[in-house]
Structure formats: structure tokens, C-alpha cells
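Here is the structure we will look at.
Side chains are part of it too, since the values below use all heavy atoms of this structure and drop only hydrogens, waters and symmetry mates. Worth saying up front: this structure is predicted, and the values here are computed from it rather than measured.
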Amino acid sequence: MGKEEEDAWVVMKTARAPSNIAVIKYWGKRDEKLILPINSSISVTLDPEHLSATTTVAASPAFERDRLWLNGKEVSVEGERYRNCLREMRARATDVVIESSGKVITKEVWSTLHIHIASENNFPTAAGLASSAAGFACLVYSLAQLMNVKEKYEGELTAIARLGSGSACRSLYGGFVKWNMGQEADGKDSIATQLAEQSHWEDLVIIIAVVSSRQKETSSTSGMQESVKTSPLLKYRAEEMVPKRIGQMEKAIKSMDFAEFARITCADSNQFHATCLDTSPPIFYLNDSSRRLIGLVERWNRHAGEPQVAYTFDAGPNAVMFAKNKEVAVQLLKRLLYQFPPSAEADLSRYDYLGHS
């Protein structure tokens with residue numbers, strides 16, 4: 001076999017990872033390079049059919065350099081976060097047998113192979129819907145499949161995904177997930193763990209109202225940095241409020257107590273955005289439509305005498321709403337369509353509620 005034939009092989013894997021929505025927010029890092037948070041967080045993983053990233057990774061001796069395509073457009077793979085994930089995955093690669101030829105790709109060979117990455121999101125990017133979380137979780141998982149990476153300790157892959165995007169560590173699990181802030185300087189204990197599977201609370205329904213698909217003016221990364229530097233409220237939130245809410249939220253999820261779940265979710269979202277306003281200069285992620293949605297839910301819950309719906313907003317104007325069951329979800333959709341009527345040419349089939357997984 002000549003050298004050209006030897007270099008002709010390509011191995012590839014494709015994976016899909018969902019987005020996740022935090023009900024106890026992560027905002028602020030104690031270590032920028034390792035992406036170590038100043039507080040723990042809890043999220044709900046969304047249905048990958050609705051909000052997810054699909055990533056194909058390929059390796060070949062014919063590839064001359066690492067390359068990345070995001071939503072069909074080639075972008076630089078030289079960013080530190082991509083390099084960190086690739087470095088850590090290459091370091092953990094093990095022998096892989098190519099089925100078609102029987103050729104073995106050894107650990108030593110993996111360190112020399114270049115990787116091509118093609119990733120697509122089925123929802124808006126950089127609009128406050130955790131697109132980076134889904135993207136980096138999918139990248140790490142697909143590389144683990146490609147390179148036959150075995151976890152040496154629980155949550156090792158989540159720690160690597162964290163190096164790409166903090167909340168990506170939570171997207172490697174379904175259901176309800178906790179990202180433990182950890183205490184160790186190297187970040188080894190800053191990992192995600194699953195609190196409960198999706199089947200634990202099947203009545204819960206998630207509806208996402210995309211009020212703007214535009215890229216946000218202030219990225220999460222720069223927003224966090226400014227908040228850590230300038231917001232006294234952030235320090236109080238991380239040290240006093242979040243630890244209490246974490247325990248309360250874990251209990252609410254375990255007992256499927258929707259009233260408590262809704263109370264904590266709305267309160268934590270509001271405090272997160274208050275922290276953004278407390279930052280100098282202030283950060284405005286919500287818009288007029290966001291505030292109308294908050295008012296709709298608050299009035300409904302007050303009229304009902306107990307929470308029917310909870311809302312939360314990440315670093316963007318789009319609302320994620322939790323309905324206590326399918327009947328309430330249908331009512332919520334009707335209210336949303338009344339308050340925000342679609343244009344005559346709108347595709348009404350897009351107005352559907354999302355499950356979590």
C-alpha cells in the first residue's frame with residue numbers, strides 16, 4: 001500500500017446534545033481560564049428535538065490543520081476554549097480500530113491528527129438560549145466517541161465541556177442537573193451531576209417564547225466579568241442567596257413541588273437580572289416584550305391563588321416558561337397568542353410546547 005492510500009482514511013462520529021436552561025443561574029467566575037463559577041447552579045435539560053446542537057467530528061492524516069464550521073460557515077478554531085477542549089480530549093484518547101481496514105489509531109497517533117468539526121444549532125445562536133452550552137457539550141461528547149475516551153472519574157467529561165462553556169457541563173445529562181461549583185484550584189471537582197431523570201417529573205411542560213433572535217449586545221462572558229468587578233449584589237447573591245436556593249430547589253425537584261419550584265425559579269431569574277442592572281455600566285438583557293411576559297405570568301399566578309407558570313430569562317430577552325401540566329400549557333399558549341398575535345403569514349405550527357429530557 002502506497003503512502004497516498006495509507007493517508008486516505010477518515011474516521012468520523014456525529015452526536016447531538018440539547019440546550020439547558022438554568023433555574024438557579026450561573027453568573028460570574030472565580031477563575032476565567034478554567035471557567036470555575038462563583039456559585040453552583042441547577043438546570044433543566046431541554047428536548048433535543050427542539051433545541052440542540054448536532055456536531056460531526058472527523059480525523060484523517062490527510063487533514064493539514066484543525067478546522068471548524070458553525071452553521072455552515074467556517075470560523076476560527078484557534079480560540080482558547082476550542083483549543084482547551086481539543087487538547088484535553090487528545091490527551092485522553094485511546095486506541096481505536098477502523099472497522100473497514102482493521103487499522104489501529106493509537107494514542108500516540110491521535111496526538112498528531114488534525115480534527116475537522118462541523119456543528120449546527122437548530123435554534124438562534126447567541127440569543128440567550130444557551131447555544132454555546134449545547135455546542136461545546138456536543139463537541140466533547142462527539143470527540144469522546146471518536147477517540148474512545150473513557151472517564152477515569154465521575155463527571156470528567158463535564159469538566160472538559162466546562163472549559164468550552166461553563167453551562168456546557170450541564171448539557172451532557174438529561175433531566176435536572178446540578179453544576180457543583182467545587183473548591184479545588186484545578187477545577188477537578190467543578191463538575192455536573194444529574195439530580196433527576198426527565199421521567200421523574202413528566203407533567204412539567206416547558207414553553208420558550210423567542211421574542212428576539214438577534215445576537216445580544218453584551219456577551220455572557222464579558223457581562224460576567226463586568227459584574228464580578230463592579231456589582232456588590234453579585235457577591236451577596238453568590239455567598240448568601242444561591243446556597244440557600246440550591247437546597248430549596250433540590251428539595252422542590254425531588255418532591256415535584258411546583259409552587260416552590262416556580263417561586264424559586266422566578267426569584268432567581270429576577271435577582272440575576274437585578275445583578276446585571278447593578279453592574280457598571282448596567283447590562284440590559286430584557287426588553288419590553290420580556291417585561292410584558294413577566295407581567296402576564298405574575299398576574300395569572302396572583303389571580304389563580306397559586307403558581308401556574310414560572311418564568312426565567314438567561315442572558316437574553318427570550319422567556320423560558322414552565323407550566324405545571326399540559327392543561328396549563330395549552331392555556332399559556334392561548335394567552336401568549338392573544339398578547340402577541342402572530343402575523344398573517346406566520347407558521348402557526350411553530351407554536352408548540354417543549355418537553356424536557
Side-chain angles (χ1 to χ4, degrees), residues 19-25 41-47 49-51 128-130 174-177 195-211 241 244-274 285-314 316-342 348-357:
S19 181
N20 72 80
I21 298 298
V23 290
I24 302 291
K25 305 295 187 187
S41 57
I42 294 176
S43 65
V44 183
T45 305
L46 300 177
D47 187 336
E49 292 296 330
H50 296 280
L51 277 86
L129 291 173
F176 301 86
V177 183
L195 295 176
E197 296 181 355
Q198 177 270 338
S199 57
H200 168 71
W201 199 347
E202 291 187 324
D203 284 345
L204 197 67
V205 178
I206 301 171
I207 293 176
I208 296 181
V210 179
V211 301
M241 295 303 299
K244 295 177 183 177
R245 286 178 179 156
I246 288 286
Q248 294 167 346
M249 181 59 80
E250 288 189 48
K251 184 177 179 181
I253 290 170
K254 183 177 181 180
S255 61
M256 293 178 287
D257 182 343
F258 184 80
E260 184 72 351
F261 174 87
R263 181 190 69 80
I264 301 168
T265 297
C266 295
D268 197 75
S269 175
N270 291 336
Q271 189 181 66
F272 157 57
H273 287 279
Y285 284 124
L286 304 183
N287 61 22
D288 288 344
S289 295
S290 309
R291 289 183 280 273
R292 284 179 62 193
L293 287 166
I294 291 173
L296 182 156
V297 172
E298 292 287 357
R299 289 191 298 273
W300 183 3
N301 288 344
R302 192 180 309 115
H303 178 75
E306 63 178 10
Q308 304 296 303
V309 175
Y311 58 79
T312 189
F313 295 80
D314 278 350
N318 301 311
V320 179
M321 291 170 283
F322 300 86
K324 64 189 299 183
N325 53 46
K326 290 183 179 179
E327 290 73 21
V328 172
V330 171
Q331 295 179 44
L332 176 56
L333 283 172
K334 290 179 179 178
R335 291 171 187 244
L336 290 174
L337 289 171
Y338 178 78
Q339 292 288 332
F340 302 90
L348 290 178
S349 67
R350 296 175 59 221
Y351 291 83
D352 195 5
Y353 56 79
L354 308 182
H356 62 284
S357 63

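Judged by distance alone, with hydrogens and angles left aside, the side-chain atoms of D314 form no donor-acceptor pair with the main-chain N or O of G316 at under 3.5 Å. Here the side chain of N270 pairs a donor or acceptor atom with the backbone of C266 at under 3.5 angstrom. Judged by distance alone, the side chain of H200 and the main-chain N or O of I253 form a donor-acceptor pair under 3.5 Å. Under the 3.5 Å distance criterion, the side-chain polar atoms of R292 are matched with a main-chain donor or acceptor of Q339. With Q308 contributing its side chain and E306 its backbone, the two residues share a donor-acceptor pair below 3.5 Å. A donor-acceptor pair is defined here as one N or O able to donate and one able to accept, closer than 3.5 Å; no such pair exists between the side chain of N20 and the backbone of V44. The closest donor-acceptor contact from the side chain of S290 to the backbone of N287 lies under 3.5 Å.
Pairing each heavy atom of V23 with each of F322, the nearest pair is CG1-CZ, 3.8 Å. Contact between L204 and F176 at its shortest, heavy atoms only, is CD2-CZ, 4.0 Å. Closest approach of A252 and W201 over heavy atoms only: O-CZ3, 4.1 Å. The heavy-atom pair separating S269 from Y311 by the smallest distance is CB-O, 4.2 Å. Nearest heavy atoms, L293 versus A209: CD1-CB, 4.0 Å. Smallest separation of non-hydrogen atoms from T45 and V177: OG1-CG2, 3.8 Å.
How far CD1 of I42 is from CZ of R245: 12.0 Å, rounded to the nearest 0.5 Å. To the nearest 0.5 Å, the span separating CG on L46 from CD1 on I21 amounts to 5.0 Å. Going from atom CD1 of I264 over to atom CD of E260 covers 4.0 Å, rounded to the nearest 0.5 Å. To the nearest 0.5 Å, atoms CH2 (W300) and CG (L332) are separated by 5.0 Å. R291 CZ to E298 CD: the interatomic distance, rounded to the nearest 0.5 Å, is 14.5 Å. A distance of 7.5 Å separates NZ of K334 from CD of Q331, quoted to the nearest 0.5 Å.
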### Message
As a quick check of understanding, evaluate side-chain contact (heavy atoms from CB on, under 4.5 Å) for L336 and I207, giving each step before the final call.
### Response
CA-CA 10 Å; L336 290 174; I207 293 176; 4.1 Å; yes
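None of D268, T265, T312 except one satisfies the side chain to side chain donor-acceptor pair (under 3.5 Å) rule with K25; the exception is T312.
V328 places none of its side-chain heavy atoms less than 4.5 Å from the side chain of V205. Considering only heavy atoms from C-beta on, V210 comes within 4.5 Å of I208 through its side chain. You'll find the side chain of E250 reaches within 4.5 Å of the side chain of L195, heavy atoms only.
Note: Y285 and F272 have parallel aromatic rings, judged against thresholds of 30 and 60 degrees for the angle between ring planes.
Using a cutoff of 4.0 Å between basic side-chain nitrogens and carboxylate oxygens, K324 and D203 are not scored as salt-bridged.
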